[in-house]
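Have a look at the structure below before the remarks.
Convention: sequence-line order gives letters A, B, ...; per-chain numbering from 1.
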Amino acid sequence: MTSSPNRPIAQSPKYVPQDFEAGWMQKWEADELYKTAPADERPKAYILDFFPYPSGDGLSVGHCRNYVPTDVMARYFRMKGYNVLHPMGWDAFGLPAENAAIKMKTNPAKLIAQFSANYKRQFRLIGISFDWSREINSSTPEYYRWTQWIFLKLYYAWYDPREHRARPIAELEKELSVTGTREIPNARAEITADEWNAFNKKQRSEFLSNYRLAYRKPSVVNWDPVDKTVLANEEVIDGRGWRSGALVEKKVLQQWFFRITEYSERLIADLDTIDWTEHIKLMQRNWIGKSVGAEVDFQTDAGALRIFTTRPDTLWGATFMVLAPEHPYVEKLVTPEHKARVNQYVKEAKAKTEVERAEEDKDKTGVFIGAYATNPVNGEPIPIWVADYVMLSYGTGAIMAVPAHDQRDFEFARKFHLPIRVVIQPDGEILDAEKMERAYPHDGAMANSGIFDGTPADVAVEKVTRWLEEKGFGAKRINYKLRDWGISRQRYWGTPIPIIHTAEGEITIDEQALPIELPNVDSYEPTATGESPLANISEWVSVTLPDGTQGRRETDTMGTFACSSWYYMRFTDPRNDAQPFDVKEVNYWCPVDTYVGGAEHAVMHLLYARFWTKVLYDLDIVSFIEPFQRLRNQGMIMAPQMKDGKYEKMSKSKGNVITPDEMVAQFGADALRAYEMFISDFSMATPWQTDGLAGTHRWLTRVWNLFLEPARENLPQANDEQIKLLRRALHQTLKKVEDDINAFAFNTVISSLMTLTNVMVKAKDSARYPEAVWAEALNTLLLMLAPIAPFMAEEIWARLQRTYSIHQQKWPPYDADAAKEELFTLIVQVNGKVRGKIELPVGVSEDEAKQKAFDDVNVKKWVEGKNIERVLYVPERLLNVVVK
RNA sequence: GCCGGGGUGGCGAAAUUGGCAGACGCCCAGGACUUAGAAUCCUGUGCCCGUCAAGGGCGUAGGGGUUCAAAUCCCCUCUCCGGCACCA
């Protein structure tokens with residue numbers, strides 16, 4: 001590169017960032033300064049922001065909170081000699097774009113192009129060093145072709161519980177033809193080899209749906225009557241659609257699912273291998289919701305009724321059973337005289353929306369069905385009820401009710417005057433069923449439980465479970481709250497599902513024939529029937545296969561979490577048109593080293609991406625098991641504080657959004673970047689203060705003047721002590737800046753650089769330093785500023801006639817010796833109160849330190865005439881004298 | 001209701017994880033420069049007593065405890081934010 005930039009340098013002596021910022025960005029891009037090289041010998045750093053949907057509103061200063069720090073890291077690692085991947089792309093499919101397009105009567109692709117161009121402009125404005133040659137857009141056929149490709153991988157895979165991994169479905173078919181499902185533990189649907197071999201094509205296809213990782217099933221779904229689409233469980237908040245806010249209704253449709261539940265255990269276990277915010281890990285654990293217990297069979301007239309419990313030690317306290325309204329045994333067991341009431345109850349329960357069930361909250365409802373079950377542990381007949389506080393989708397959809405030790409059962413029993421029997425007695429207290437005001441769900445010794453009486457809490461569950469297994473009453477069982485991931489959307493703007501339905505069953509599209517492209521349409525308003533608008537385009541829907549059979553394309557599209565479950569892999573080789581990515585590239589770059597975004601994706605995107613990664617790993621497509629090694633979440637930036645001291649979120653509707661555009665116009669991009677870092681701890685929510693931004697602008701002006709204003713004349717030569725102190729401050733700062741960048745402590749990166757600036761300004765004004773010393777100081781400071789204030793650093797670099805570009809320089813070397821302190825301040829306390837501060841040389845002996853401490857006049861004053869009981873010495877820190 | 005994270009000057013916040021509370025910045029006040037203002041620079045800035053000194057008292061939501069020593073650890077209470085919400 002040339003030593004002088006081929007653009008006019010603004011020669012204003014003053015710091016006027018607007019004069020040069022835009023010009024540098026243009027030059028950097030023209031010179032491809034931030035272009036990432038393919039896999040090579042260097043260590044790599046993959047630093048990634050969450051995949052954004054480019055909203056029409058553009059970026060606010062709140063959004064910049066994560067883009068600036070990740071950019072600082074990317075720039076820092078480049079200077080440290082890493083091969084850095086820092087890309088950006090668009091999560092372009094999905095409802096927001098589609099709804100905006102419908103509203104504005106335009107095409108969502110056009111809108112995305114427009115919105116993303118604006119985002120890109122803003123990213124450039126604030127100096128983010130993305131490699132735009134790797135830009136991706138999940139709504140383009142070049143991208144979603146491979147989303148479809150991965151869908152097919154899931155479709156052609158099943159999870160083998162014996163090997164704890166996904167395997168090709170062909171291997172299952174082979175096994176079925178030889179041994180049926182005999183060897184498969186907990187088979188989802190059982191079959192013999194003979195039966196399998198007698199199946200026709202369609203029967204086989206349908207049977208395999210029980211095993212495929214991508215499968216279709218009729219399912220009660222959340223129907224959003226406003227957005228006219230099905231919502232995932234995660235998209236329903238308090239019974240309302242997360243976007244429309246409409247009350248969610250129930251509807252039964254054929255839905256596509258990914259069998260994420262097979263990975264529950266691994267998704268929990270592998271959390272221990274990754275460096276994520278603890279609170280996100282916890283949310284994932286809770287979401288997956290593992291509970292260990294036992295399944296137990298209770299005999300009824302309709303056969304064994306299986307229940308799940310985490311407290312098999314309370315079996316002797318079961319006084320009734322409860323079935324979910326949808327449980328098949330309700331119909332089988334209900335006696336004629338109860339039938340009318342039960343049917344009525346079930347009908348009402350099924351009609352209730354989630355919100356209505358939640359609203360009724362505490363008040364339990366239910367009906368006795370007239371039948372009894374036999375408790376296997378004591379042969380007691382207990383009544384069977386149906387109640388909507390038991391859900392079909394968890395466990396077996398049936399419970400044994402132990403009112404003495406479960407609050408929900410307790411409330412139910414009290415309301416319907418069912419017996420309560422205490423079978424767990426806590427320490428030092430005797431529970432009396434008559435007088436209890438609430439259930440006792442805690443630990444204690446077993447009671448009223450036959451041979452188990454007196455068994456202590458810590459071994460009770462295990463002992464009883466083993467006994468149940470021996471007796472054949474039940475078995476240990478682990479349940480998870482996690483449900484399979486529903487991906488069907490009855491919408492136009494999503495990845496088409498590469499499936500054709502025929503009379504013979506489902507047919508997949510050949511990999512080579514992908515992508516199945518979205519047809520161009522005039523109207524993509526959703527249909528009120530629940531079908532996708534694609535269903536109305538008969539020339540697209542109807543297909544004639546090569547052998548002449550007629551088929552109908554799947555008209556559901558995939559939810560956008562499919563797109564964002566693998567985009568970080570695509571970035572490693574984004575223009576590959578033969579494969580989703582080159583194996584070498586994906587395995588070199590992944591996993592992502594540092595992944596940054598908001599905490600709102602804790603259980604959706606972050607769980608699904610982990611799941612897809614594990615499937616692709618199992619199928620030998622990638623060699624890593626977790627997608628994101630380190631995850632950090634930024635705190636939200638709130639609107640400026642209001643008069644009453646409260647804050648609110650920035651939102652367009654409240655008219656309190658502050659944009660980077662206006663801040664850059666006023667203060668320049670570098671000051672904005674510095675303030676984004678400085679505002680508070682990265683993870684903490686905090687209000688915006690434009691006055692604070694004026695502060696970082698002022699700081700950068702001081703830096704500018706430090707470099708570009710002439711020094712005072714007739715200054716004395718700096719003495720050795722001054723030189724030492726300057727170098728010490730310099731290298732201590734260098735160490736701190738590096739440590740803090742790595743630790744995500746960006747706010748203290750700025751404050752320590754401010755401190756160093758103050759030291760250097762004072763130094764410059766008070767003495768003339770030897771050329772080499774001063775040059776080292778200036779150089780080091782400017783190089784440290786390069787990742788943070790890239791425009792100003794480059795401009796000063798150019799004005800100092802250095803070789804373009806500062807962003808291709810090495811990070812400055814750290815001199816640990818120079819950073820060493822020679823003195824420290826010993827804090828002298830008497831009875832824990834500070835009474836003196838003494839400067840002492842590092843490495844001073846304890847005796848000498850004590851001597852000096854007791855010589856201190858003020859310390860003497862507090863110690864004199866008192867009895868010295870203890871003296872505590874913490875080397876290099878503090879001395880505490882305890883007197884009486 | 002359950003789980004998690006917070007609460008530190010007038011404001012945003014630091015504090016090497018048990019060792020000087022308030023770094024750094026904002027605001028504010030006084031001063032310098034200026035015809036004047038803006039900008040910039042210097043000084044001060046937790047509260048209280050003391051003289052604007054020396055020195056001292058109090059102080060990290062509130063109360064209690066452990067410790068030579070607590071913003072930091074433990075218990076209780078208040079409060080704000082996020083998640084889950086009949087998961088047997």
- [ ] For Lys837(A) and for Ser752(A), locate the closest nucleotide of RNA chain B by heavy-atom distance; then report the residue assigned to the nucleotide nearer the 5' terminus.
- [x] Lys837(A)
Task: Met636(A) CE to rG82(B) P, straight-line distance once rounded to whole Å - done: 7 Å
TODO: Examine the base of rU16(B) for any acceptor or donor lying under 3.5 Å from a partner atom in the side chain of Arg877(A), and report the outcome as yes or no.
DONE: yes
TODO: Write down the partner of rG30(B) under the Watson-Crick or G-U wobble criteria, each distance required to be under 3.5 Å.
DONE: rC42(B)
TODO: Indicate syn or anti for rU72(B), taking the glycosidic torsion and treating anything within 90° of 0 as syn.
DONE: anti
Open item on the list: What is the distance, to the nearest angstrom, from the CH2 atom on Trp688(A) to the C1' atom on rC26(B)?
Closed with: 13 Å
Task: Side chain of Pro687(A) - closest among rA13(B), rC58(B), rG4(B) - done: rA13(B)
Open item on the list: Taking rU16(B) as the reference, what is the distance to rA21(B) when you measure between their C1' atoms (whole Å, please)?
Closed with: 14 Å
Task: Protein-nucleotide distance (Lys833(A), atom NZ; rG59(B), atom C1'), rounded to Å - done: 10 Å
Open item on the list: By the rule that syn is within 90° of 0, classify the base conformation of rG9(B) as syn or anti.
Closed with: syn
Open item on the list: My understanding is that a pair needs two contacts under 3.5 Å, Watson-Crick or G-U wobble. By that rule, which nucleotide pairs with rC24(B)?
Closed with: rG12(B)
- [ ] Tell me yes or no: between the side chains of Arg477(A) and Thr465(A), is some donor less than 3.5 Å from an acceptor?
- [x] no
TODO: Rounded off to whole Å, could you give me the CG-to-P distance for the Leu392(A) and rC86(B) pair?
DONE: 15 Å
- [ ] Please state how far atom CZ in Arg870(A) lies from atom P in rC68(B), giving the value in whole angstrom units.
- [x] 5 Å
Task: G-U wobble or Watson-Crick pairing nucleotide for rG4(B) (cut-off 3.5 Å, both distances) - done: rC81(B)
- [ ] Quickly work out the Met684(A) CE to rA15(B) P distance and round it to whole Å.
- [x] 9 Å
Task: is_close_aromatic(Trp485(A), Phe561(A)), centroid dist under 6.0 Å - done: no
Task: Spacing of Trp862(A) atom CH2 relative to rG56(B) atom C1', expressed in whole Å - done: 7 Å
Open item on the list: For a quick check under 3.5 Å, do Arg632(A) and Asn66(A) share a side-chain donor-acceptor pair by atom type?
Closed with: no
Task: Presence of Asn880(A) side-chain N/O under 4.0 Å of rU67(B) phosphate oxygens OP1/OP2 - done: no
Open item on the list: Measuring to OP1 and OP2 of rA38(B), would you say a side-chain N or O of Lys14(A) lies under 4.0 angstrom away?
Closed with: no
Open item on the list: Centre-to-centre under 6.0 Å for Trp688(A) and Tyr675(A), is that the case here?
Closed with: yes
- [ ] May I ask you to verify whether the side chain of Asp691(A) and the base of rC26(B) hold a donor-acceptor pair under 3.5 Å?
- [x] no
Open item on the list: Reading RNA chain B from 5' onward, which residue's closest nucleotide shows up sooner: Arg698(A) or Val881(A)?
Closed with: Arg698(A)
TODO: Searching all strands shown, indicate the nucleotide that pairs with rC52(B) (Watson-Crick or G-U wobble; both distances under 3.5 Å).
DONE: none
Open item on the list: Under a plain distance cut-off of 3.5 Å, with no hydrogens placed, do Asp484(A) and Thr261(A) share a side-chain donor-acceptor pair?
Closed with: yes
Open item on the list: What is the distance, to the nearest angstrom, from the NE2 atom on His697(A) to the P atom on rG12(B)?
Closed with: 24 Å
Open item on the list: When you measure from the centre of the six-membered ring of Trp287(A), is the NZ or CZ of Arg610(A) closer than 6.0 Å and no more than 45° off the axis?
Closed with: no
- [ ] Under 4.0 Å between any heavy atoms, over every strand shown, what does Gly289(A) touch: base, sugar-phosphate, or nothing? Just pick one.
- [x] nothing
